[in-house]
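Below: one structure, written as structure tokens.
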Amino acid sequence: QPGIFVLCSQKSFAERELATRPEIERLALTELVMHCATLGVRTHELTFDYAPNPEKLTEAETKLQRLGLFDQECQLTQAGRFVAGLPVGPETGAMLWHAKLLGCLGAMLPLAAVIEVGGLRRNPRRSHGLDTTSDYLDAVLAFRLMYFAKKKRSFGAPEGRNISLRRSLAASDIMHDL
């Protein structure tokens, strides 16, 4: 049609949805429910242009209760208030709350940053080659390489380490905010 240009194969174009479904219908709602709770509002009480599935809202509240961020009345707990102030999702925030209780919060911050950006791998099929015992330790060691290189003003992806510079910069920003 005039004014529309899409670069893709005929097959993928034919399989494409005519209209993109709104995010509120596609994504998990835990962050939305958590944010509303910080404002003292339950999402079930709100009116949306694209109404989320009420079951998905209940699922999100249940998950936040299991994480210890909500009480039985869907109010923020002490842990929930702590997590609400962090620049990470509820799951990662709950991990940091427990790390704080165990006295190892500082050690968990790099892992939280890496989790939030979805890992640092440029090629998801290759490791960073820094730790063969755990993907998480491998990612944290790669992040530390990048983060401390940045502090020395020599920030750049070490050759052969399969590190995405874009993701490591995003993780570095999260680490800074934490």
Side-chain angles (χ1 to χ4, degrees), residues 8 12 20-39 43 52 56-57 59-70 76-77 79-178:
C8 63
S12 67
T20 306
R21 285 184 18 230
E23 283 187 2
I24 202 162
E25 294 176 7
R26 293 182 282 127
L27 302 178
L29 301 177
T30 51
E31 288 188 44
L32 170 68
V33 171
M34 179 90 175
H35 181 70
C36 287
T38 64
L39 301 171
T43 47
K56 291 257 187 193
L57 292 173
E59 248 177 58
E61 289 176 345
T62 301
K63 183 173 190 173
L64 292 167
Q65 288 170 340
R66 281 196 319 261
L67 290 170
L69 306 179
F70 272 17
L76 290 173
T77 61
R81 286 186 294 280
F82 172 83
V83 170
L86 300 177
V88 296
E91 296 87 352
T92 306
M95 175 188 77
L96 291 176
W97 169 256
H98 291 287
K100 179 182 177 214
L101 295 178
L102 294 170
C104 60
L105 180 61
M108 295 304 290
L109 296 179
L111 177 59
V114 168
I115 287 171
E116 284 300 302
V117 298
L120 302 181
R121 292 179 179 178
R122 204 172 339 160
N123 177 349
R125 294 186 179 157
R126 277 190 41 233
S127 78
H128 301 295
L130 296 166
D131 189 298
T132 58
T133 61
S134 163
D135 284 345
Y136 288 117
L137 285 175
D138 191 47
V140 168
L141 291 173
F143 175 74
R144 285 178 181 267
L145 258 178
M146 299 295 288
Y147 189 74
F148 292 113
K150 179 183 177 190
K151 285 191 164 221
K152 294 178 187 172
R153 306 229 188 273
S154 60
F155 200 66
E159 287 298 314
R161 292 294 179 199
N162 189 30
I163 299 173
S164 163
L165 185 58
R166 182 183 56 80
R167 285 184 177 193
S168 55
L169 286 170
S172 179
D173 287 345
I174 290 170
M175 178 78 170
H176 179 266
D177 291 347
L178 286 169

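Residue numbers run from 1 in the order of the sequence given. Please read these numbers as outputs of a predicted model, since none were measured by experiment. Both backbone and side-chain heavy atoms feed into the values below; hydrogens, waters and symmetry mates do not.
For the pair V33 and E61, the tightest heavy-atom approach, listed with the atom from each and the gap, is CG1-CG, 3.7 Å. When all heavy atoms are compared, the tightest approach of T77 to G68 is OG1-O, 2.6 Å. Nearest heavy atoms, L57 versus P52: CD1-CG, 3.9 Å. The minimum heavy-atom distance linking V117 with A171 is given by the pair CG1-N, 3.5 Å. Of all heavy-atom pairs spanning C36 and T43, the tightest one is SG-CG2, 3.5 Å. Closest non-hydrogen pair, D138 versus H128, comes out as OD2-N, 2.7 Å.
Expressed to the nearest 0.5 Å, how far CD of E31 lies from CG of L64 amounts to 10.0 Å. Taking CZ of R126 as the reference point, atom CG of N162 lies at 4.0 Å (rounded to 0.5 Å). Distance check, rounded to the nearest 0.5 Å: OG1 of T30 to CD of E59 gives 10.5 Å. Going from atom CZ of R121 over to atom OG of S168 covers 14.5 Å, rounded to the nearest 0.5 Å. Note that CE of M108 is 4.0 Å distant from CE of M95, once rounded to the nearest 0.5 Å. Between the OH atom of Y136 and the CG atom of L141 there is a distance of 15.0 Å, given to the nearest 0.5 Å.
Counting only distance, with no hydrogens or angles, the side chain of T38 and the backbone of H35 share a donor-acceptor pair below 3.5 Å. The backbone N or O of T92 sits nowhere less than 3.5 Å from a side-chain atom of E116 that would complete a donor-acceptor pair. Remark: side-chain polar atoms of R167 are not paired, donor with acceptor, to backbone N or O of R122 under 3.5 angstrom.
Checking L178, L111, V83 one by one against L96, the side-chain contact (heavy atoms from CB on, under 4.5 Å) holds for a single residue, L178.
When side chains are defined from C-beta on, M175 counts as touching F143, because their heavy atoms get closer than 4.5 Å. L169 is listed as a side-chain neighbour of L165, based on a closest heavy-atom distance under 4.5 Å.
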Checklist entry - So R161 and M146, side-chain contact (heavy atoms from CB on, under 4.5 Å) or not? Walk me through it. => result CA-CA 10 Å; R161 292 294 179 199; M146 299 295 288; over 6 Å; no
Next on the checklist: For a salt bridge (Lys or Arg N to Asp or Glu O under 4.0 Å) check, start with the C-alpha distance between E25 and K56, then their side-chain angles and the critical distance, and finish with the verdict.
Outcome noted: CA-CA 9 Å; E25 294 176 7; K56 291 257 187 193; over 6 Å; no
